[in-house]
There are 2 protein chains.
Amino acid sequence: MNEALEHKLKIRQVRPTAMRLLVLEALEKQASAVSLQDLESAFEKADRITLYRTLKTFQEKGLVHRIEDGTGATKYALCEVGCECAPEDLHVHFHCNNCQQTFCLPKIGIPAFQLPNNFSLQEINLMAKGICAACR
Amino acid sequence: MNEALEHKLKIRQVRPTAMRLLVLEALEKQASAVSLQDLESAFEKADRITLYRTLKTFQEKGLVHRIEDGTGATKYALCEVGCECAPEDLHVHFHCNNCQQTFCLPKIGIPAFQLPNNFSLQEINLMAKGICAACR
DNA sequence: ATAAGAATGCAATACCATTGCAGTCCTGCT
DNA sequence: AGCAGGACTGCAATGGTATTGCATTCTTAT
């Protein structure tokens with residue numbers, strides 16, 4: 001049905017099933033990162049496990065990245081075009097302690113810093129927490 | 001038994017019980033952050049719940065801070081003297097993807113960055129992941 | 001010495017992530 | 001079009017961590 005969505009899946013070797021298109025569409029509509037529970041309540045008819053595996057597939061194929069915001073539940077957000085989930089691609093995430101939403105802040109790169117000798121960097125994750133603009 | 005440890009607890013309004021002194025001593029000996037499981041295997045005789053509540057108390061009183069390193073299990077590490085767990089006090093944590101240990105890197109402050117308008121900051125957490133010096 | 005409150009230990013619960021398996025759907029090939 | 005193989009989906013079940021309830025024990029202040 002939606003050519004653009006199908007294309008996004010195909011170029012990443014993900015077969016565009018109805019379920020996946022729906023999930024992808026839902027992710028694109030969201031300003032904030034979604035948890036498995038969020039998806040589950042958005043699609044009452046779909047199975048929790050299927051949604052879980054859909055997100056896992058998306059993650060493995062580089063469509064979304066996982067965010068651990070410390071609430072206990074993992075959240076997922078769409079990767080930017082060209083995102084390889086390498087340190088230099090990553091950005092800051094902001095978790096609102098009031099509404100519990102987690103946002104990607106792609107315009108803010110993570111500032112560089114120096115690791116101790118012989119430590120090698122593979123991933124990096126900067127979680128900021130506080131109150132978002134909508135909750136003030 | 002150990003005056004210095006007792007003092008550390010008392011000045012933070014934590015009653016220095018035997019259990020707490022043992023846990024505090026164990027934390028001081030550790031170079032890396034400890035999980036509940038780590039403590040549990042270090043003190044086979046102690047109850048998991050008691051250790052959990054001990055850590056929770058320590059956290060509430062500002063003795064330790066929690067670290068979510070993305071492994072699913074929360075880890076805890078001693079706060080520095082004067083640490084209020086406010087953004088400017090926090091430092092980088094490093095998680096080794098090989099040995100699964102999580103280290104505090106207190107000498108590296110988190111570089112400042114700009115949040116969007118009307119976002120207010122309360123906490124901040126920078127998790128770096130890779131391979132530590134001992135595992136290379 | 002005693003009463004109040006704190007700390008401990010056992011049991012039970014809740015929640016999230018993950019896997020196994022069987023049925024269904026899709027795709028490519030003949 | 002028919003068929004075989006693989007991918008996807010849904011249900012059930014499992015594992016692990018965090019958390020709470022409650023009764024008992026310990027500590028402290030009067």
Side-chain angles (χ1 to χ4, degrees), chain A residues 1 5-6 8-26 33-61 63-77 95 100 102, chain B residues 1 5-27 33-61 63-77 95 100 102:
Chain A
M1 48 176 71
L5 292 179
E6 280 200 37
K8 280 200 179 180
L9 293 178
K10 282 182 182 166
I11 59 174
R12 288 187 177 83
Q13 321 282 339
V14 180
R15 277 161 53 175
T17 66
M19 190 80 251
R20 287 171 177 171
L21 288 170
L22 285 173
V23 172
L24 181 56
E25 190 183 14
V34 300
S35 66
L36 193 49
Q37 281 220 353
D38 294 336
L39 275 189
E40 206 181 347
S41 37
F43 302 105
E44 299 216 341
K45 290 187 299 185
D47 186 55
R48 174 182 183 80
I49 314 305
T50 302
L51 294 172
Y52 167 73
R53 280 194 267 233
T54 299
L55 288 174
K56 194 174 183 181
T57 302
F58 281 7
Q59 187 209 338
E60 286 165 359
K61 299 299 184 177
L63 270 147
V64 302
H65 54 268
R66 305 177 59 136
I67 309 166
E68 322 260 356
D69 63 9
T71 58
T74 306
K75 294 190 178 168
Y76 300 84
H95 176 73
Q100 306 293 318
T102 298
Chain B
M1 45 178 73
L5 293 178
E6 279 200 37
H7 180 66
K8 280 199 179 182
L9 294 178
K10 282 182 181 166
I11 58 173
R12 290 188 176 81
Q13 323 281 338
V14 180
R15 276 159 58 173
T17 65
M19 189 81 253
R20 287 170 177 173
L21 288 170
L22 285 174
V23 172
L24 181 57
E25 190 183 13
L27 286 172
V34 300
S35 66
L36 192 50
Q37 281 220 352
D38 294 336
L39 274 189
E40 207 182 344
S41 38
F43 302 105
E44 298 216 343
K45 290 187 300 184
D47 188 53
R48 173 182 185 80
I49 314 305
T50 302
L51 294 171
Y52 167 73
R53 279 194 266 233
T54 299
L55 288 174
K56 194 174 181 181
T57 301
F58 280 8
Q59 186 209 338
E60 286 164 0
K61 300 298 186 179
L63 270 148
V64 302
H65 53 269
R66 306 176 59 134
I67 309 166
E68 322 260 355
D69 62 11
T71 58
T74 306
K75 294 191 178 168
Y76 301 83
H95 175 73
Q100 306 294 319
T102 297

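Values below: all heavy atoms of this structure, side chains included; hydrogens, waters and symmetry mates excluded. Note on naming: letters A, B, ... go to the chains in the order of the sequence lines (proteins, then strands), and numbering restarts at 1 for each one.
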**OP:** For A:Thr57, report the nucleic acid contact type (base, sugar-phosphate, nothing); a contact means any heavy atom under 4.0 Å.
**Re:** nothing
Subject >> Spacing of B:Glu68 atom CD and A:Thr71 atom OG1 [to the nearest 0.5 Å] >> reply: 8.5 Å
Original post:
So does A:Arg53 reach the base of C:dG20 with its side chain, donor to acceptor, closer than 3.5 Å?
Top reply: yes
Original post:
Just how far, in rounded Å, is P of C:dA11 from CZ of B:Arg48?
Top reply: 15 Å
Original post:
Picking from D:dT9, C:dC16, C:dC10, which would you name as closest to the side chain of B:Ile49?
Top reply: C:dC10
Original post:
Which whole-number value in Å describes the distance from A:Leu36 CG to C:dT18 C1'?
Top reply: 11 Å
**OP:** Would you mind reading off the distance between A:Glu68 atom CD and D:dT17 atom P, rounded to a whole angstrom?
**Re:** 14 Å
Subject >> Most 5' of B:Ala46 and A:Arg66 on DNA chain C, judged by nearest nucleotide >> reply: B:Ala46
**OP:** Would you indicate which nucleotide in D:dT19, C:dC16, D:dT9 comes nearest to any side-chain atom of B:Tyr52?
**Re:** D:dT19
**OP:** Could you check how far CD of B:Glu60 sits from P of D:dT19, rounded to whole Å?
**Re:** 11 Å
**OP:** Could you say whether A:Thr54 or B:Ala73 is positioned toward the 5' end of DNA chain D, judged by the nucleotide with the nearest heavy atom to each?
**Re:** A:Thr54
Original post:
OP1, OP2 of D:dT28 versus side-chain N and O of B:Arg15: anything below 4.0 Å?
Top reply: no
Original post:
Is the closest side-chain heavy-atom distance between B:Thr74 and B:Ile67 below 4.5 Å?
Top reply: no
Using atom types as modelled, flag every donor-acceptor pair under 3.5 Å from a side chain in residues 13-20 of chain B to any protein atom, sequence neighbours excluded.
{"from": "B:Thr17", "atom 1": "OG1", "to": "B:Arg20", "atom 2": "N", "distance (Å)": "3.3"}
{"from": "B:Arg20", "atom 1": "NH1", "to": "B:Arg15", "atom 2": "O", "distance (Å)": "3.0"}

**OP:** Among the candidates D:dC11, D:dT9, C:dG9, find the nucleotide nearest to the side-chain atoms of A:Asp47.
**Re:** D:dC11
**OP:** Take atom NZ of B:Lys10 and atom C1' of D:dT28, then tell me their distance rounded to the nearest Å.
**Re:** 12 Å
Would you give me the side-chain donor-acceptor pairs under 3.5 Å for residues 43-50 of chain B, sequence neighbours excluded?
{"from": "B:Asp47", "atom 1": "OD2", "to": "B:Ile49", "atom 2": "N", "distance (Å)": "3.2"}
{"from": "B:Arg48", "atom 1": "NH1", "to": "B:Glu40", "atom 2": "OE1", "distance (Å)": "2.5"}

Original post:
How is B:Thr17 classified with respect to the nucleic acid when contacts are heavy atoms under 4.0 Å: base, sugar-phosphate, or nothing?
Top reply: sugar-phosphate
Subject >> Shortest side-chain distance from A:Arg20, nucleotide among D:dT9, D:dT19, C:dT8 >> reply: D:dT9
Original post:
A:Lys56 NZ to C:dC16 C1': how many Å, rounded?
Top reply: 14 Å
**OP:** Find the distance B:Glu40:CD to C:dC10:C1' and express it as a whole number of Å.
**Re:** 14 Å
Original post:
What integer distance in Å separates A:Gln13:CD from D:dC8:P?
Top reply: 12 Å
Original post:
Counting side-chain heavy atoms from CB outward, which of C:dC10, D:dT9, D:dA18 is closest to A:Met19?
Top reply: D:dT9
**OP:** Please examine the side chains of A:Gln59 and A:Arg66, heavy atoms only from C-beta on, and report whether any two atoms are closer than 4.5 Å.
**Re:** yes
